[in-house]
Colleague: 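Handing you this structure, nothing more for now.
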Amino acid sequence: MDQARTTDAAQRGAEQSELLRYNPGEIEPRWQALWDAQPDVYAAEPHTCGKPKFYCLEMLPYPSGQLHMGHVRNYAIGDALARFMRMRGYNVLHPMGWDAFGLPAENAAIKNNTPPREWTLKNMAKMKAQMRRIGYSYDWAGTEVTTCLPEYYRWNQWFFLKMVERGLAYRKSSKVNWCPQCATVLANEQVVAGCCWRHEDQIVEQRELEQWFLRITRYADELLDGLANMAGWPEKVRTMQRNWIGRSEGAEVEFAVEAASSAPEESAGITVFTTRIDTIFGATSIQLAPQHALVREWAKTDSALFGAVDAMIAQQKAARETGDIGNIEKHGVATGRVAINPFTGGKLPIWVANYILADYGTGAIMSVPAHDERDFEFASRYGLPIKRVVAARGEEDAPLPYSGEDASLLDSGDWTGESCAAAQEKMALFAQKHGFGKKSTTYRLKDWGISRQRYWGTPIPMVYCERGHDGLSPGGVVPLPESALPVLLPEQVEITQQGGSPLGKVAEFLHTRCPVCGGPARRETDTMDTFVDSSWYFYRYTDAKNALQPFDSQTANYWFPIDQYIGGVEHAILHLIYSRFWTKVMRDMGLIRNSEPAERLFTQGMVIKDGAKMSKSKGNVVSPDEMIARYGADATRMYALFAAPPDRDLEWQEEGVAGISRFLARVYRLVSRYKVSAGEANGKPAAESELEQRLLRTLHQTIAKITEDFQARWHFNTCIAAIMILVNEITGEEMALDRGEVSSATLAELLRNLILLLTPFAPFLAAELWQQMGCSGQVFSQAWPVADAELARESEIELPVQVNGKLANVIKLPAHADEATIKAASLADERVIARLVDKTIVKHLVIDKSSGKLVNLVVK
RNA sequence: GCCCGGAUGGUGAAAUCGGCAGACACAGCGGACUUAAAAUCCGCAGACCUUAAUCGGUCGUGGGGGUUCAAGUCCCCCUCCGGGCACCA
């Protein structure tokens with residue numbers, strides 16, 4: 001029988017292999033051309049359509065010119081979801097665009113002598129063609145946003161002016177990362193281990209420059225507190241943002257400085273920031289950052305101090321530049337001055353130390369060696385006293401330093417015996433009441449410096465009035481009126497790596513008139529950080545062609561918040577914090593109602609090859625084009641979903657793509673072979689025979705599994721495995737199908753639903769087979785199949801029987817068997833009986849859970 | 001140092017609630033078909049012991065302990081890998 005069957009199948013395979021060969025290279029471009037010819041094929045419907053809305057968003061790419069596997073995976077996930085939601089009856093917005101400003105375009109310009117705009121637009125066209133070839137269901141015609149075009153970046157300028165008005169954009173002098181080889185400022189994310197991302201041996205310098213900043217710190221508390229309610233975001237991302245914002249609640253305390261003999265009139269105090277005011281009775285010195293104003297003052301008349309301070313600043317700088325600031329060896333020098341502890345009246349020596357940061361807190365600390373590891377290390381080195389003032393109950397002699405807070409105070413005056421938490425509160429209030437301190441909160445988050453000395457970015461719409469005219473703010477800095485927008489980025493610009501911002505060398509751009517007094521003025525020649533572009537692009541998608549506003553509020557309010565945002569975890573901090581900030585600003589401007597941009601965020605894993613992230617330098621890059629040429633787009637994207645769950649890293653193995661391609665070929669042959677008999681179907685599918693019952697049962701179990709998974713776990717790998725099981729089961733019965741043992745209506749039901757289940761994963765093949773089956777309409781517009789629980793139900797169960805927790809046998813029973821039947825059956829089994837010889841049954845457990853039944857016999 | 005992830009066959013992985021470990025694939029092996037190959041189809045496949053072969057048995061989810069009738073899953077300790085933060089007062 002098996003022999004006959006094998007032979008038969010082999011012959012059938014041979015005879016049909018030519019005729020029914022799956023040829024994605026022919027099928028896919030044919031359907032692509034058809035869809036490309038219908039610009040609105042994936043367009044969202046009007047808000048009045050009555051369907052629930054679903055905004056499915058994937059992070060927009062930088063147009064490097066080549067789609068990489070990370071993109072393919074990211075977009076395959078989003079596209080599967082978008083297609084599923086459409087079939088589930090949602091009005092789906094699924095847009096795509098280009099994060100088109102940025103340094104690579106300038107580097108390419110220098111290298112190839114191609115204008116950045118030309119290079120960028122060419123790359124976009126190339127990548128768009130790649131995306132269309134893969135069959136992603138984007139509404140290109142309705143939504144495509146290109147951030148380097150004035151239709152978009154004019155609104156960056158508009159928002160900037162609004163922020164100037166609201167006091168959210170300001171100019172100040174600040175330290176920036178500077179790469180001498182690139183001759184430009186680098187964004188923080190472009191500094192890798194203290195070096196330039198493009199020149200790995202080039203240490204990034206700190207330069208002092210006048211910069212534009214956005215006051216993101218005004219929203220620090222809201223950005224932090226909001227994280228608590230963002231259940232749809234991964235905990236990991238929320239934690240990273242919490243760390244990044246770095247809120248520390250504590251107190252500021254003012255220490256008076258005792259007049260020194262050399263300067264009897266001196267009176268300035270030192271304000272320290274501390275989160276542990278409860279330990280103040282244990283303070284044994286004051287430590288100042290080397291850049292502290294008082295230190296600078298004292299060093300003027302103290303050359304020894306001056307030299308020491310200079311050395312410490314150099315050490316800090318070096319450590320910061322090599323990324324070793326955390327490991328700097330602690331050094332300090334006593335100033336000979338003395339501060340007064342306002343709580344105890346005690347005298348504390350004032351030191352300058354290289355481990356104190358000038359730009360955090362107040363640049364000054366009270367040193368409590370007994371309860372802070374760093375202070376302990378420092379005090380031990382320099383022989384400063386160490387005084388215990390906090391201990392957990394019964395641990396008064398535990399070794400120091402002890403930095404726990406689940407403890408109470410010792411030797412702390414009126415506060416002795418208080419818990420740390422209570423003392424922190426009470427002592428801060430006490431300090432406030434007596435005028436030498438207050439509660440205070442500091443943040444790690446700094447205001448967002450957006451100035452870039454680059455050409456290929458959004459011009460900042462400000463001018464500097466040369467007459468010293470004072471428009472709104474001091475120094476002749478004048479915002480342009482809205483009517484002057486957009487400030488166009490000039491086209492013919494010589495891009496070099498010398499002499500500051502390239503725009504400064506374009507005379508017709510640089511020289512302008514002051515909008516207030518009409519006098520000669522100079523334009524701002526820096527451009528905006530590209531993270532500005534990506535902070536609000538997803539609002540523009542909802543109304544991409546609006547020439548009068550960034551977007552229509554009503555439209556945005558219909559679509560927002562984004563229901564699902566999908567992208568790489570590498571954007572967890574910068575892009576995703578800036579986007580949240582921008583959303584809050586727009587809300588406060590009255591443009592939108594939502595406070596957060598995205599309800600749910602999904603971060604997919606990286607694509608790995610040979611154990612490492614794909615990169616040119618490692619030479620392990622797999623080109624999507626090559627995969628598509630060899631196996632087709634359906635196989636390539638389906639493999640990206642099959643090889644691992646989407647949140648995990650994925651090891652790219654070409655053999656796996658080939659495997660998926662073989663699977664799709666089997667589906668193709670199956671449908672091609674039975675489409676005629678299925679096509680003749682009339683009447684309802686019926687589970688008449690046992691075989692029909694079995695096939696329909698698997699079908700409905702598969703439908704249920706995939707439907708559920710799309711709404712919860714997104715384990716598309718097991719969804720695809722379930723489809724494979726269904727296909728294996730049907731093809732395993734081809735002999736029976738050939739003998740007509742399954743009604744054509746049931747066959748049609750099986751094949752049609754199989755195609756529908758494949759649609760989110762392999763849209764080309766699904767479209768082709770849907771048509772071959774003679775079904776009408778676009779397959780992706782069909783309703784998603786609904787699982788019939790009745791048909792999915794098993795008639796028979798496989799009951800594992802354990803003896804002392806070890807499997808003895810698996811016995812078959814009718815699904816409806818009651819507990820008595822199960823017990824009897826489990827005791828009647830030979831293999832079980834064999835294990836019960838000379839034993840006494842202590843317990844006879846029958847476990848009945850939704851996941852299945854199980855028997856365990858506990859014997860002695 | 002602190003905070004998140006992760007570790008399961010030769011490989012990618014599955015096991016959603018504590019209930020049959022290894023579904024589904026890849027690679028491999030054997031067979032059918034073929035002059036041959038490709039393609040296709042059928043089958044085998046965690047390790048070890050036992051056996052002529054079956055049957056059967058033991059062990060097995062990074063390591064060690066624990067809870068439980070039952071642990072990949074829960075608890076405690078540890079190792080290694082990946083990521084984030086880091087003299088942040």
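Labels below follow one simple rule: chain letters A, B, ... track the order of the sequence lines, proteins then strands, and each chain is numbered from 1. All figures in this text were calculated on a predicted structure; none of them were measured in a lab.
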Colleague: Parallel, tilted or perpendicular for A:F710 and A:F761, by the 30°/60° rule?
Modeller: parallel
Colleague: Check this for me: does the side-chain of A:N243 come within 3.5 Å of the base of B:C85 through a donor and an acceptor?
Modeller: no
Colleague: Of A:P645 and A:N804, whose nearest nucleotide on RNA chain B comes first from the 5' end?
Modeller: A:P645
Colleague: To the nearest Å, give me how far apart CE (A:M735) and P (B:U40) are.
Modeller: 20 Å
Colleague: Can you check the A:I797 CD1 to B:G19 P distance for me, whole Å?
Modeller: 17 Å
Colleague: Whole angstroms only, please: what is the CD-C1' distance between A:E733 and B:C41?
Modeller: 15 Å
Colleague: When you get a sec, tell me which of B:C87, B:A14, B:G19 is the closest nucleotide to the side chain of A:I847?
Modeller: B:G19
Colleague: Quick test: give all pairs of protein nitrogen or oxygen and nucleotides 9-12 of chain B nitrogen or oxygen below 3.5 Å, distance rounded to 0.1 Å.
Modeller:
| unit_1 | atom_1 | unit_2 | atom_2 | d |
| --- | --- | --- | --- | --- |
| B:U11 | O2' | A:Q653 | NE2 | 2.9 |
| B:G12 | O2' | A:A643 | O | 2.5 |

Colleague: What is the separation between atom CD on A:E570 and atom P on B:G82, rounded to the nearest whole Å?
Modeller: 18 Å
Colleague: Name the orientation of the base relative to the sugar in B:G72: syn if the glycosidic angle is within 90° of 0, else anti.
Modeller: anti
Colleague: Taking the same atom, P, in B:G6 and in B:C75, what whole-Å distance lies between them?
Modeller: 13 Å
Colleague: Kindly assign one of parallel, tilted or perpendicular to the pair A:Y22 and A:Y668, based on the angle between their ring planes and the thresholds 30° and 60°.
Modeller: tilted
Colleague: Does any donor-acceptor pair link the side chain of A:K849 with the base of B:G19 at a separation under 3.5 Å?
Modeller: yes
Colleague: Under 4.0 Å between a side-chain N/O of A:R835 and OP1 or OP2 of B:G57, yes or no?
Modeller: yes
Colleague: OP1 or OP2 of B:C69 versus the side-chain N and O atoms of A:K843: is any pair under 4.0 Å?
Modeller: yes
Colleague: Here's a test of your reading of the structure: between A:I720 and A:K853, which maps to the more 5' nucleotide of RNA chain B?
Modeller: A:K853
Colleague: For B:G28, which nucleotide in any strand shown is its Watson-Crick or wobble partner with both distances under 3.5 Å?
Modeller: B:C44
Colleague: Surrounding CD of A:E26 (heavy atoms of other residues, nucleotides or ligands, distance under 6.0 Å), is the total greater than 12?
Modeller: yes
Colleague: Counting side-chain heavy atoms from C-beta on, which of B:C69, B:A89, B:U16 comes nearest to A:L845?
Modeller: B:C69
Colleague: Taking only residues two or more places apart in sequence or in another chain, which ones pass side chain to side chain contact (heavy atoms under 4.5 Å, CB included) with A:Q701?
Modeller: A:R697, A:A792, A:E794
Colleague: Ring centroid separation for A:Y639 and A:Y631, is it under 6.0 angstrom?
Modeller: no
Colleague: Just by distance, with hydrogens left out, do A:Q424 and A:D278 show a side-chain donor and acceptor under 3.5 Å apart?
Modeller: yes
Colleague: Can you measure A:Y631 atom OH to B:C26 atom C1' for me and round it to whole angstrom units?
Modeller: 12 Å
Colleague: Could you check whether the rings of A:Y355 and A:F378 sit parallel, tilted or perpendicular, using 30° and 60° as the cut-offs?
Modeller: tilted
Colleague: Under the rule syn = chi within 90° of 0, otherwise anti, which is B:C29?
Modeller: anti
